[in-house]
Amino acid sequence: MPVHLQIKWEVRFVKGFVKRFKDHPALAAWCLGNECNCMARVNNDEEAWVWTDIIADAIRSQDSEHKVICGMHSQFTPKEKNWCLQSAGENCDYITTHPYASPEYQTERELINTIKPLVHPAAQTVYSSCIAKVPCIIEETGTYGQMYADEEKTAQYANGVIYTAWAHDCLSYLWWIGFDQGSLTYHPFGYNNRASNYGIYREDKTLKPVGEVIKEFNEFSENFEYGKLPKRIVDAICIVTKGQKTWNAAGSSFILGKQVGIDMEFAYANDKLPEANTYLIPSVEGANCFSAEYIADLMKRVENGATLYLSVGNGFTRNLWKDFGFHIINREYVENTDTVKIGCKKLNVKAAVTYNTEKTTATALAQNQDGKDVFFKAPYGKGTVFFLAYPLETYLYEKMHVFENEDYHLFYNEIKKCMKTEKTVSCNNKMIGVTEHKVNENERIIVATNYSKDTSTASMDLNGWKFKKALKGDIAVENTVNLTLNTTETAVFVIKK
């Protein structure tokens, strides 16, 4: 059937369906459909935009009261893939993530109760919302059943992910699916062995531990004495650029920031540059990553006092010698993995390009095994710039267990030392992620989650503030707040001036 006839009958069906059910009391919102971008292929983003716009307009022509939700599985930046976040945000009121521990995002490769799988749902949802510029909900998530983890570990995973989503204003958390389906043999269950026993309930209708976790969180949030958790304090904007694997760069940057206490939102380099005190541009690739006007605007922000971090693969940027305090004598493509010394730690990083450099105003913060400077810090007006000669973030996203077993967060810790932040609390354990939420000028809520597979302890310096009360978790108070958290456990407490 020709495409125009398909769309004609889709629109007729949608209009009739919406008109019939728009006043039903059970209706909360309309969704374009479940993962329509995983069905029939489109040739480009323009075709995806046209379909999304037509179906959303068909819904709104019959019902102007209810919101329209995107319902897609994964969307990206323009030209990276055919279904892009900006188009979804332009045409829908809410967009969605379906962030499983999954092969698409390489989060199924590690134990599900470790930092990469645990942080991913919230990180992807924050990322999607920022790029699309509309709210984003976790519409469908979970594990892929018994061959990923038993019921106890699945519950641990859900506990860590739910509280992380709550702390990052993700609005919803919907588990897929209600009931186990392992005994079903009809299509598609007859051949899809992965899609079987990952329900909240077993087939005999008994509730699994994951259901208990969801129930306990609902009780906690419904009885939360502050009502809705205020939004977290955001320290930085992470800018993803054309020509790279944007999620790999963004996902690693989010985790590294989390490990040192840098909370971030995201922007796309071809869109308007948001206001921020700190900008991170991870793992730049190619020559067309951003425009001259964008760089000029960015450097003006730094000149006025902002902090900028830039890491590169084979990427290019203008005026490097002038802006970053060193100049490049020459460069060449390489296929080797370097050993980089930062502080007293040695870390392996795969290089895309190697540079011979000469410092002017910069200070070197790290060298490779040949003694070449590879990580630079320099003043720029009232601000500070950092340059790392490796695509650190995209390199790390492809690796396993690096965030818990290695100390790559030390690169981001150097950024944190220079950046301006409204935060008060600091934590001495990289595996405990902390968000800080303003209640008012004199009171803040702290949410701390253990992203280690093991029990973790931490001392948290309040930097002049005082502990007020615990809302959740095992908390001891001396001169600092001392936490002991089991794997994926969360503590919530209040501090005051």
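Below, all heavy atoms of this structure are taken into account, side chains as well, without hydrogens, waters or symmetry copies.
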Which residue, Ile137, Ile59, Ile95, forms the side-chain contact (heavy atoms from CB on, under 4.5 Å) with Ile69?
->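 Of the listed options, the one satisfying the test is Ile137.
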Would you tell me whether [X] and [Y] have side-chain atoms, one donor and one acceptor, within less than 3.5 Å of each other?
X      : Y      : result
His73  : Glu140 : no
Tyr451 : Thr164 : yes
Tyr105 : Ser74  : yes
Tyr412 : Glu393 : yes
Ser87  : Glu90  : no

What I'd like to find out is whether the side chain of [X] reaches to under 4.5 Å of the side chain of [Y], using heavy atoms alone.
X      : Y      : result
Glu108 : Tyr144 : no
Trp83  : Met72  : yes
Ser128 : Phe266 : no
Leu310 : Leu388 : no
Ile162 : Ile214 : yes

Distance under 6.0 Å and angle within 45° of ring axis: Lys472 vs Tyr163 =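 Verdict for Tyr163: a cation-pi partner in Lys472.
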Check whether NZ of the Lys or CZ of the Arg Lys258 lies under 6.0 Å from the centre of the six-membered ring of Phe403 and within 45 degrees of that ring's axis.
->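 Judged by the rule (NZ or CZ under 6.0 Å from the ring centre, within 45° of its axis), Lys258 is not positioned above Phe403.
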Do side-chain atoms of [X] reach the backbone of [Y] as a donor and acceptor pair under 3.5 angstrom?
X      : Y      : result
Thr77  : Glu80  : no
Thr154 : Asp150 : yes
Ser64  : Arg60  : no
Asn288 : Gly243 : no
Ser252 : Thr394 : no
Ser129 : Thr125 : no

Would [X] and [Y] pass as an ion pair if we require N to O under 4.0 Å?
X      : Y      : result
Lys438 : Glu422 : yes
Asp169 : Lys228 : yes
Lys496 : Glu443 : no

Determine whether more than 12 heavy atoms belonging to other residues, nucleotides or ligands lie under 6.0 Å from atom CD of Glu225.
->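 Count over threshold, so yes.
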Output every pair passing salt bridge (Lys or Arg N to Asp or Glu O under 4.0 Å) with a member in residues 38-49, not counting sequence neighbours, ordered by first then second residue.
->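 Checked against salt bridge (Lys or Arg N to Asp or Glu O under 4.0 Å) - neighbours excluded - the pairs reaching residues 38-49 are Glu46-Lys79.
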Scan residues 235-257 for pairs that pass salt bridge (Lys or Arg N to Asp or Glu O under 4.0 Å), counting only residues two or more places apart or in two chains.
->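 Those involving residues 235-257 are Asp235-Lys423, Lys245-Glu398.
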Output field: ring centroids Tyr100/Trp175 closer than 6.0 Å =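 No, the ring of Tyr100 stays outside the 6.0 Å limit from the ring of Trp175, centre to centre.
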Taking the six-membered ring for Trp and the full ring for Phe, Tyr or His, determine whether the centres of Trp247 and Phe76 are under 6.0 Å apart.
->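 No, they do not, as the ring centres are separated by 6.0 Å or more.
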Compile the donor-acceptor pairs under 3.5 Å between side chains in residues 4-21 and protein atoms, sequence neighbours left out, one pair per line.
residue	atom	partner	partner atom	Å
Gln6	NE2	Met1	O	2.7
Glu10	OE1	Trp51	NE1	2.7

